Student: 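Got a structure here, written out as structure tokens. Questions coming.
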Amino acid sequence: MIKMSFKISLALILCLGFLTFFVNQVIFAASSTPGFRDNVCSRLTSFVSKMEARVSEREQGLRERHQERQKNGEGKVASWDEKREQGRVQAETRMSEFFLRLEARAGTEAQKQAVAVFKTAVRTASEARKSVVDAAITAFRAEVERLLSDRKSAVETAVAGYKSVQKSAFDKAQSSCGSGVDPKTVLETLRIELKAAKDKFEADRRAIEKVADQVKVLNETKKAVFEKAHQDFRTALARARADLKAAFPQSTSTTTPVLSPSLSP
Amino acid sequence: MSIKIKIGLAVGVVILCAGAAFVYYQYLGKQAEPAANLPGISPLPQGVSFGSLTPSVPPVSVDELLDSILADSAFESGLAEEEFSDLNQSLFSESQAISEFGQSYDQNEL
């Protein structure tokens, strides 16, 4: 009996809750839009102020994000270039020291000649790889810079266009209200014009976003160049190693440079 | 000297030695930085792993030398990817701001 009463009470409470929520929604819907419709001219000024403030704030946000990207990007590019350069300097030091030890190990004229050829082959392959990589990076950055510059212009044009149409719509609505045009007509015209501005901006935005895809394509091209350069480099090193190996017998000493059976993949 | 004092002294010495050993190995742990943390080169950001610079241990074989050179090449590829990843992230952030601007007008407000 008590359980049944509890279930019934719970069901009643839930129904009451849904009913209250539903009634509130209906009342709100019935009162808000018709209210604004009836008072569109008296509330237009505050609506215009609100919209203009919001647009201005978001435009500022856009500008800030752009400036942040530019500022951070410049610093990071310098940092990456520095890391790349430091890596190369260390690699050169490592190579030079190893070549000295290898030269010291060369006993015969043939071995000395083989070491000289090996050094030249490794250095030539290394320089060739660096040239290709540096050119790919320069080309990528230049093209990205161009795309981003075009993107910035497109964004500015889209924003300016939107603001212009919005202002024109607000001016027209305010003028219509001043001329005694039916508020419902003023409201409908304003809605249509603001929606048209929004739709136009959305179309411009979709065109602007294609830049991100274009940057991805540029990156894929750059990666392919890097990969080819790396493969060519690997092949050249393997050839140089094979030629050197032919001149030197295998050594078990750990204090002098040795030749191991195979390059790691 | 009573037996209790002797035991107490022995235990005290053991504790002192254990503490000294602990501090010593803690110090050694701090000294043994990973070989990849080379001075002047900041580590890659958290969560981004594009390989690392070859450690500064000199190669003892031709294979080690060539492997280290190839690793440096791979490291450069990683740096380039990091650059693109960062750019992509920035573009995404800007895209969000552009989208927010486009949502300035909500027709439900009229």
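Since the model is a prediction, treat every value here as computed from it, not as a measurement. What you see below is based on every heavy atom in this structure, not just the backbone, and it leaves out hydrogens, waters and symmetry mates.
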Student: With a 4.5 angstrom heavy-atom cut-off, could you sort out which part of A:Leu148 is near chain B: side chain, backbone, both or neither?
Tutor: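 Just the side chain, heavy atoms under 4.5 Å.
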Student: Looking at A:Arg129 and A:Ala229, would you say the former's side chain and the latter's main chain have a donor-acceptor pair under 3.5 Å?
Tutor: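 Absent.
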Student: Tell me which of these, A:Glu97, A:Glu202, A:Lys223, has more heavy-atom pairs under 4.5 Å with chain B than the rest.
Tutor: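 Result: the option with the highest number of such pairs is A:Lys223.
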Student: For B:Leu65, which atoms come within 4.5 Å of any heavy atom of chain A: side chain, backbone, both, or neither?
Tutor: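 Only the side chain of B:Leu65 comes within 4.5 Å of chain A.
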Student: Out of A:Lys83, A:Arg141, A:Lys76, which one pairs with B:Glu83 under the salt bridge (Lys or Arg N to Asp or Glu O under 4.0 Å) rule?
Tutor: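 For B:Glu83, the salt bridge (Lys or Arg N to Asp or Glu O under 4.0 Å) test succeeds with only one of A:Lys83, A:Arg141, A:Lys76, which is A:Arg141.
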Student: So, for A:Tyr162 and B:Phe101, is the gap between ring centers shorter than 6.0 Å?
Tutor: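 Ring centroids of A:Tyr162 and B:Phe101 are less than 6.0 Å from each other.
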Student: Below 4.5 Å from any heavy atom of chain B, which atoms of A:Val55 appear? Answer side chain, backbone, both or neither.
Tutor: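 Contact with chain B involves both backbone and side-chain atoms of A:Val55.
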Student: Does any heavy atom of chain B fall under 4.5 Å from the side chain of A:Glu209, the backbone, both, or neither of them?
Tutor: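 For A:Glu209, the contact with chain B is made by the side chain alone.
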Student: Taking every heavy-atom pair that is under 4.5 Å apart, which of A:Leu194, A:Val211, A:Val122 has the most such pairs with chain B?
Tutor: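 Most heavy-atom pairs under 4.5 Å with chain B: A:Leu194.
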Student: Relative to chain A, which segment of B:Gln89 carries a heavy atom at a distance below 4.5 Å: side chain, backbone, both, or neither?
Tutor: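 The answer is neither part of B:Gln89.
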Student: Check whether the side chains of A:Arg151 and B:Ser95 place a donor and an acceptor atom closer than 3.5 Å, and report yes or no.
Tutor: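 A donor-acceptor contact under 3.5 Å links the two side chains.
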Student: Please confirm whether the backbone N or O of B:Glu100 pairs with a side-chain atom of A:Arg58, one donor and one acceptor, at under 3.5 Å?
Tutor: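 Side chain of A:Arg58 to backbone of B:Glu100: a pair is present.
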Student: Assess the side chains of A:Lys216 and A:Asn219: does a donor N or O sit below 3.5 Å from an acceptor N or O?
Tutor: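 Side-chain D/A pair, A:Lys216 to A:Asn219: absent.
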Student: Does any heavy atom of chain B fall under 4.5 Å from the side chain of A:Val155, the backbone, both, or neither of them?
Tutor: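 Contact with chain B: side chain only.
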